[in-house]
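To keep things clear, I will list the structure first and then write my remarks on it.
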Amino acid sequence: MAVGYTALPMSETEPPIDASTQPREAASPPPPPGEFDPRSIDLGRVECLQILNERGELDEGLTPDFSDDDLRRVHRAMVLSRAFDARMLAMQRQGQMGTFAPNIGQEACMIGQVWPLGPSDWFSPSYRAFGAQIWRGWSMERLMTLWAGYHEGFPPPEGVNDLPFSIVIGSHVLPATGIAMGMRRAADPHCVVVNFGDGAFSQGAVAEALNFAAVEKAPVVFVCENNGWAISTPLAKQAGSDLLAARGVGYGVHAIRVDGNDILAMMTAMGEACERARRGEGPTLVEAVTFRMSLHTTADDPTVYRDESIVEPWKSRCPIKRFESWLVRTGRLDPTDGDRIRAACEEEVLEARARFRSNAQAKPREAFDHLYQSIPPELEAQRMEYLRRLDRKGVE
Amino acid sequence: MAVGYTALPMSETEPPIDASTQPREAASPPPPPGEFDPRSIDLGRVECLQILNERGELDEGLTPDFSDDDLRRVHRAMVLSRAFDARMLAMQRQGQMGTFAPNIGQEACMIGQVWPLGPSDWFSPSYRAFGAQIWRGWSMERLMTLWAGYHEGFPPPEGVNDLPFSIVIGSHVLPATGIAMGMRRAADPHCVVVNFGDGAFSQGAVAEALNFAAVEKAPVVFVCENNGWAISTPLAKQAGSDLLAARGVGYGVHAIRVDGNDILAMMTAMGEACERARRGEGPTLVEAVTFRMSLHTTADDPTVYRDESIVEPWKSRCPIKRFESWLVRTGRLDPTDGDRIRAACEEEVLEARARFRSNAQAKPREAFDHLYQSIPPELEAQRMEYLRRLDRKGVE
Amino acid sequence: MPQRTMVEALNLALDEALGGDDQVCLMGQDIGVNGGVFRVTKDLQAKYGEDRVMDSPLAECGIIGTAVGMAVYGMKPVAEIQFSGFTMQAFDQIEQNMARLRNRTQGRFPIQMVMRTPYGGGIRAVEHHSESREAYWAHTPGLKVVIPSGPRNARALLAASIQDPDPVVFYEPKSIYRAFREDVPDEPEQMELGKAEVARSGSDVTIISYGAMMRPVREAADDLAELHGIESELIDLLSISPIDTDTLLTSVTRTGRCIIVHEGHQTCGVGAEIAARLAEGGAFQYLLAPIRRLTAADIPFPYFQIEQHFLPDADDVVAAARELMEWT
Amino acid sequence: MPQRTMVEALNLALDEALGGDDQVCLMGQDIGVNGGVFRVTKDLQAKYGEDRVMDSPLAECGIIGTAVGMAVYGMKPVAEIQFSGFTMQAFDQIEQNMARLRNRTQGRFPIQMVMRTPYGGGIRAVEHHSESREAYWAHTPGLKVVIPSGPRNARALLAASIQDPDPVVFYEPKSIYRAFREDVPDEPEQMELGKAEVARSGSDVTIISYGAMMRPVREAADDLAELHGIESELIDLLSISPIDTDTLLTSVTRTGRCIIVHEGHQTCGVGAEIAARLAEGGAFQYLLAPIRRLTAADIPFPYFQIEQHFLPDADDVVAAARELMEWT
Ligand SMILES: Cc1ncc(C[n+]2csc(CCOP(=O)(O)OP(=O)(O)O)c2C)c(N)n1
Ligand SMILES: Cc1ncc(C[n+]2csc(CCOP(=O)(O)OP(=O)(O)O)c2C)c(N)n1
Ligand SMILES: [Mg+2]
Ligand SMILES: [Mg+2]
């Protein structure tokens, strides 16, 4: 017979608690749950927003109230993003750029989601967000430096409230939510936008972020860029329901589905979601429906796993073409403006490339410089050994 | 100028791929996504099932078709669970039992969820599921052995297809889903039931499990025992929406909310969900609404964080009392049967305790025996050192 | 000086940090009204409000991930994980963001935060509640790892950890949460991070340990001196990352003998690292006997009916020291 | 014998395992039509169908957690994690279930499964794609950890890992996935797990390494012999858990000198464990010089413009060996 204890479990560490000394005031127990209500519960509807459809027709009832200037700025940002993207691809193919993820076709998602943000708002992008980062104030040469594998490219520029993009899928969504939790505590009337893909949405950490945001009523807007693919995995193998917005409803997060190739819809939905957040009404999930037109990354060959004919119909849904022809049709752009802007953007990109080429510099001697605020002695010894290796190899 | 590459990234490891050699047949790309549909999407309703309400009224339209025998078995199982629970608490308070989580008040959830399972179905419980485990074939002395801290109590009895209960909140839900994935592959016409709490539902791993199950149409029934509390944390601080069933809808998992204190509703909902799963129609999420009547665990003092007056209304919702008086009213039990059964169950529990007391034996010499199929040499050396310590201390 | 348990001393450090700096906030499961399952955060929510002392949902990854975000925003979160066994749930956020975000942004976003968590065996707890996996964090670049051994240094080290600009993993030896009291002054006190402490001087053998194991080690040192005439030098690491190699070398080059005692598993544990550093450089030629590790075996922490036999005890330390003294 | 790259050899092992045992199945991101991002699973889905070779959702915790369940159900899953940096996302399932479920159930549910994942630097990849954190798994009781160093042993070890009754973490050195070819026979071949291999015999100094680092180590051994007349004995660990201590001791007691080379971080790494085992017992009195570790430093793997300088190379090994030979 081996039963018989000398002590209650935890007795040494957990004495009987004197409830009377506990701070009851802080307790705000919810009202006692009532009787079970057997009536079924309506989950409501998910709104789907499109303003300018793929045939270029504008939904008059939804005509948005943006200034012509804003519309032109947004158009140019999309054009610039695409020019940047094309140049990056060329550089990569010439061996001048590391592996990166082309953004082509997702420009409306990108620009639409950062359009409502001011400098005191925060943005936390995935790795497929060139246009958005440029809009936020990242120079193109910085982005080139980053993707070419130089550490100097990673820190967000001074004054830009962005997290560095996330390579580990979905891992940035909780920190972005944490920023919003900080804002709520500081009564800071700004908001956070964080984006991630349809694949990323399978990560448990993203679900946790939705829940934290909902509980906290944190001022964060989640943008799921549902482009149908996660490398070779189509949405049908990624998710049990293709309405990703419904997950927001599940977690008590206001949700909307948007035509991610319609910049007017994106601007409208994001503007409203950010305003809701800033007003303290809590988070929103925006499911932006779009399509990955190109390679997953430059190390990927989609012809292996998808019939490229499925890309064809999406060409006519090009977010730039659709918007540009509407701008021209409504007299906001001249018919020749498009090409003029494209040329100017191309020029800008080339200038950035030139700056990148003349400035980018590997700094192997700085490898240990940023891990801790001041380097611990043991690590300093490792650094000296590393520097001796560089000396031996004649590396500056 | 430091730019200039000798090799493309990944060139050594990733040669250009010859797409023609790829197995295209296996590819089943989904139909190309069509035009964006701007019509809002109805998420539908979550059904809420109650058959016997807290005032003992039966919803005639839903009168279930269970045999009197089944109803009496189920009643007895709930009574036994409560007797076991009370005895465990007494033993713990006398220093004869480790920390455990009382199950009082959740007996209908427990029995209702395992009721439809046969021996070839699987069950994966949380740590608060005495009644369900006993129903499944765990002897009460085994459960006592387990909670008293003896390793021998942990393995499921031979022939019982259960996972051991999970101490790490939510960590068993993915393995349970994996069992169901295996079943689907084996065309095994059975199913898996896994339960977890409202707190556990905040774990990202549980969200991942819902998604895997939905994608795979795995035959698994998720039972969320929403008892309103996770230790001191009320649901309002745990979740942004109190309709946890809605998360199922978000992930494309069929979902229903059930009065978890109504055994008839639980049996009905679980029976249907298990049948759906066995028919290959995929997973179900059952949100069972109940209440944690007692301590979180025996190391917990709820008076610190909740006003115990909120427990009061739940006493009248007692799943046993409600069911028992209906059984008596409808002539399925005699008025004296209740007390007779309680006495018999108490007797059974005492017999189990006697067996536990005479059999439970700490086996310190076996500490290394089950980690690997055969012990690696280095670990054997550690074992010898450990045995020498036992020798020195005079431990058998 | 008031006598305090480690729980009370930690509570004091948190109270002072909250009172002294508006940016400090606490988060974790059940830390609010409940004051934490070990009462380390008792009364703090009542004093500082729900925005400063917040009950988190049951998701460790979420707790650490959002704490990182709050640190980016400029706050100084102190996140509690209820038991160290559940830090596994947050491993990705710890390794990928908490430890690396400063480096990734070249210092633009320092992550000034603390992850506190009770660790170790000895309280007859259920499975997964007795882990000592501090070696995981020592192996993770970018973190500091701190483990106190008594009320006074617990308070002083926690205070320093909260003010440290780098992310700190703070492991609390829960078996001595309330095991004894020490003088802990009312006045704020801090200890420098990264330094080991010579807890007893001696010339025969160096015994290196930390956390709750310092208790059996002290007991062994008394026995060794009184019963066997062996004078041991005790070193209390206090910092597991970085490890204060200098203090170790100074002692071992003098004694020529070394025993390392910890609750963590042996393979790739902290004892392995210390043994390697001694065998590598400064101490090699001074060693008079092999290095001895007394650690948990490489099996999961056993179920509580047999746990009292699992960890090395004072007698093991005495026996090892005597063996080393006799080694030729 | 056909010449194969490591990728082809691994593909062969998987093909054989799938063909030979209906319970074997593969799961992972993009392993189906795409054949895995490194093409290790190329053509296998076409051959064995989507139920045997399944594309998983983008959730590593989900992959390992459901694989554990499939193992409980009696299948033998081989789960791929796309890069070892993302095993952090699955840490909880690995530590709490994959490694422990057999023990928790006293052998009732053995977890016969393999987690395969490419690890290490050298392919100019982006952040989080070059990790070598095998020490995490070596420190985790209940796992076996296997790391091949060439096509032939990769195939034979993977075959053995799939048939092993215990859970195996199989780390694939991706920088040599396609770097060279070796004879790999068409006939099935297996190697016993847990054994190190003497890859070259010598009497002056023992050099212990594994995985991709065996290449610079072999190069160094040639240089040492040809240019400096130093005969090194090379040991290829192959198994990181358990470590084949006997083979190491046999060599080091003979040579008296030891260098350990790996890509993982230094503190609490595999080198620490080996150094400790040597300094502890059997080898102590035979050591003629301090033990040397040549490892990655304790900083995150650097961005790819400078990664070529980060890891120890053949020259470092040569220099260390020469120093040890001169040590007095
Ligand atoms: C945690 C983690 N797992 C796997 C990967 C490898 N990976 C990189 S991108 C990607 C697919 C991402 O798909 P999605 O989230 O839809 O974004 P998209 O690429 O379509 O923009 C995968 C699997 C990763 N980077 N991180
Ligand atoms: C991963 C993990 N985190 C924290 C804990 C500590 N803990 C044990 S039970 C519990 C609350 C669980 O609440 P819920 O899921 O609602 O189940 P209930 O206890 O109400 O049945 C907590 C936080 C744990 N065991 N595992
Ligand atoms: Mg995608
Ligand atoms: Mg609960």
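Note: hydrogens, waters and symmetry copies are ignored here, and every other heavy atom, side chains too, is used. Residue numbers start from 1 in every chain, and the chains themselves are labelled A, B, ... in the order their sequence lines are given, proteins ahead of strands.
For P141(D), the parts lying under 4.5 angstrom from a heavy atom of chain B are both the backbone and the side chain. Of the atoms belonging to A67(D), not a single heavy atom falls under 4.5 Å from chain B. Neither the backbone nor the side chain of A71(D) has a heavy atom closer than 4.5 Å to any heavy atom of chain B. There is no contact between V206(B) and chain D, counting heavy-atom distances below 4.5 Å. Heavy atoms of D51(D) lying under 4.5 Å from chain B belong to its backbone as well as its side chain. Proximity to chain D is absent for every atom of L379(B), based on heavy atoms less than 4.5 angstrom apart. Heavy-atom distances place the side chain of E378(B), and not its backbone, under 4.5 Å from chain D. Residue M6(D): no heavy atom, backbone or side chain, is found under 4.5 Å from chain B.
Ion pair R278(B)/D121(B) flagged as a salt bridge, since at least one NZ, NE, NH1 or NH2 atom sits closer than 4.0 Å to an Asp/Glu carboxylate oxygen. Electrostatic pairing of E280(D) and R277(D) does not count as a salt bridge here, judged by no charged N lying under 4.0 Å from a carboxylate O. Salt-bridge formation is detected for the pair E172(D)/R116(D): a Lys NZ or Arg NE/NH1/NH2 atom is positioned less than 4.0 Å from an Asp or Glu carboxylate oxygen. The pair R124(D)-E307(D) does not count as a salt bridge, with every side-chain nitrogen at least 4.0 angstrom from each carboxylate oxygen. By the 4.0 Å N-to-carboxylate-O rule, R39(D) lies too far from E8(D) to be salt-bridged with it.
Of all residues in residues 215-223 of chain B, those placing a non-hydrogen atom less than 4.5 angstrom from a non-hydrogen atom of chain D are V215(B), E216(B). Proximity to chain B at a heavy-atom threshold of 4.5 Å picks out Q93(D) from residues 86-94 of chain D, in numerical order.
With Q112(D) as the fixed residue, the side chain to side chain contact (heavy atoms under 4.5 Å, CB included) test singles out one of M75(D), K76(D), R102(D): K76(D).
The salt bridge (Lys or Arg N to Asp or Glu O under 4.0 Å) search around R104(D) returns E127(C), not counting sequence neighbours. Every residue meeting the side chain to side chain donor-acceptor pair (under 3.5 Å) condition with D188(B), not counting sequence neighbours, appears here in chain and number order: H190(B), Y73(D).
Proximity of a side-chain donor or acceptor of Y48(D) to a complementary backbone N or O of D15(D) within less than 3.5 Å is detected.
With hydrogens and angles left out, the side-chain atoms of D30(D) and Q82(D) include a donor and acceptor closer than 3.5 Å. Remark: the E152(B) side chain and the Q361(B) side chain contain no N/O donor-acceptor pair separated by less than 3.5 Å.
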**Message:** Is there a side-chain hydrogen bond (donor to acceptor under 3.5 Å, both in side chains) between D162(B) and W122(B)? Walk through the geometry before answering.
**Reply:** CA-CA 6 Å; D162(B) 287 9; W122(B) 284 75; over 6 Å; no
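The most heavy-atom pairs under 4.5 Å with chain B, out of Q106(D), K144(D), M70(D), come from Q106(D). With chain B as partner, the option from D246(D), T105(D), L193(D) having the largest number of non-hydrogen pairs under 4.5 angstrom is T105(D). With chain B as the partner, the residue from D164(D), I111(D), V53(D), I63(D) showing the most heavy-atom pairs under 4.5 Å is I63(D). Ranked by heavy-atom pairs under 4.5 Å with chain D, the first of A180(B), A186(B), P156(B), S166(B) is P156(B). Ranked by heavy-atom pairs under 4.5 Å with chain B, the list C61(D), G142(D), P165(D) is led by G142(D).
The aromatic ring centroids of F165(B) and W147(B) lie less than 6.0 Å from each other. Between F83(D) and Y119(D), a ring centre-to-centre spacing not shorter than 6.0 Å is recorded.
Atom-to-atom distance recorded for T41(D):OG1 and M27(D):CE is 13.0 Å, nearest 0.5 angstrom.
The aromatic rings of F201(B) and F196(B) sit perpendicular, their planes meeting at an angle over 60°, well past the 30° parallel limit.
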